[in-house]
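Working notes, beginning with the structure itself.
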Amino acid sequence: MQLLPLLGVLCAFAVQQVTAQTWYYLRFQTPSGAYISSFSGNMVAPTLPGAGTYYLWPGLQPSDNAGVLQQVLDGRSGSWWIGSGWCCSNPSLSWGSGFSVNNGATVSFSNTVNSISGGTWATSITGGSSSATGSFPLPTHPMNQAIMAIELYDVSWTFGALTFTDVVITANTTSTSWCTGGPYNYNNAAVVSMSTPSASVSGGSSTCSISSIVLERPA
Ligand SMILES: *[C@@H]1O[C@H](CO)[C@@H](O)[C@H](O)[C@H]1NC(C)=O
């Protein structure tokens, strides 16, 4: 939900006293000057231990680190809810609609932009019979980072694995090492198992496919 710690800025659509914040995340970053045009996959909701500020999400961050466009699985109410949104300002955009998610359910997500240099992102989330779409104009924020994150406030990672499947990231570069080199694992804080990323190049862009990415447990 929040901005990544790179900036150390707190932004929340529910402002709260933060006492203990814990991050685990993986990040694929494109080469300098290349940007992401789409990011899609599936995320499996773990069993929520109870009401708490559990934010589990895939998201895109721009090269200026101004915010995150994300699909956040939110555990605050005691059952999961997911919605798409841009956190948190510059520009201020209202949070998108979403739906409840059962423990163990799979939610598919997709984000695509109409102009790689910065445009309007179309988002879509689908889980079972529920779905929601969103539109987020972010013309000055071309995206260069695809992130899978566990963001926790005053709770611990006790819910077991967070699984992503069929993750696909497309960027306007003929380089493939940003994909095949695997993601950065923040602070090596998470034990991760994943299938080998594969990249295919077509025209001026490369598509990175990873069939399975599992954040298993704290390292
Ligand atoms: C990617 O797109 C941006 C925005 O149009 C452009 O400035 C950049 O040169 C492109 N990069 C590559 C490697 O094609």
Side-chain angles (χ1 to χ4, degrees), residues 1-9 11 25-43 57-72 83-96 108-126 132-149 164-186 192 194-213:
M1 189 77 40
Q2 323 298 345
L3 221 48
L4 288 174
L6 321 173
L7 277 181
V9 174
C11 53
Y25 69 85
L26 305 179
R27 181 181 66 211
F28 286 92
Q29 183 161 349
T30 60
S32 177
Y35 300 107
I36 294 167
S37 56
S38 70
F39 177 35
S40 63
N42 305 304
M43 175 170 61
W57 48 269
L60 289 167
Q61 186 155 293
S63 47
D64 61 5
N65 293 327
V68 186
L69 178 66
Q70 51 189 174
Q71 282 76 50
V72 180
S84 294
W86 165 254
C87 176
C88 304
S89 59
N90 179 26
S92 286
L93 301 176
S94 52
W95 204 259
S108 60
F109 62 90
S110 83
N111 301 273
T112 58
V113 74
N114 61 0
S115 168
I116 198 160
S117 59
T120 296
W121 286 87
T123 64
S124 168
I125 41 179
T126 304
T133 57
S135 179
F136 298 90
L138 295 164
T140 64
H141 300 299
M143 303 292 180
N144 72 335
Q145 300 155 67
I147 293 159
M148 282 140 274
F164 293 85
T165 60
D166 296 329
V167 172
V168 180
I169 310 161
T170 303
N172 73 330
T173 174
T174 54
S175 162
T176 55
S177 55
W178 66 276
C179 167
T180 55
Y184 166 72
N185 180 351
Y186 170 68
V192 176
M194 61 185 290
S195 54
T196 304
S198 70
S200 65
V201 176
S202 173
S205 66
S206 53
T207 297
C208 181
S209 303
I210 313 105
S211 57
S212 167
I213 303 175

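One-based numbering, in listed order, for ligands and for the atoms of each. The basis for the numbers below is simple: all heavy atoms, side chains too, and nothing from hydrogens, waters or symmetry mates. Source: prediction; values computed, not measured.
- Between the side chains of T30 and N144, no donor-acceptor pair of N or O atoms lies under 3.5 Å.
- Contact analysis leaves G204 out of contact with ligand 1, as no non-hydrogen atom separation drops below 4.0 angstrom.
- Atom CH2 of W57 is separated from atom CG of L69 by 10.0 Å, given to the nearest 0.5 angstrom.
- Atom 11 (N) of ligand 1 lies below 4.0 Å from at least one non-hydrogen atom of the protein.
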Discussion item. L26 vs F164, test: side-chain contact (heavy atoms from CB on, under 4.5 Å). Steps then yes/no.
Written reply: CA-CA 11 Å; L26 305 179; F164 293 85; over 6 Å; no
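- If you check which protein heavy atom lies closest to atom 5 (O) of ligand 1, you get S117 CB, 3.6 Å.
- Checked by atom type, the side-chain pair W121/S84 shows no donor-acceptor distance below 3.5 Å.
- The protein non-hydrogen atom at the shortest distance from atom 3 (C) of ligand 1 is N172 ND2, 3.6 Å.
- Exactly one residue among Q29, Q70, Q61 makes a side-chain contact (heavy atoms from CB on, under 4.5 Å) with I147. That residue is Q61.
- Ranking protein heavy atoms by distance to atom 8 (C) of ligand 1, first place goes to G33 O, 3.3 Å.
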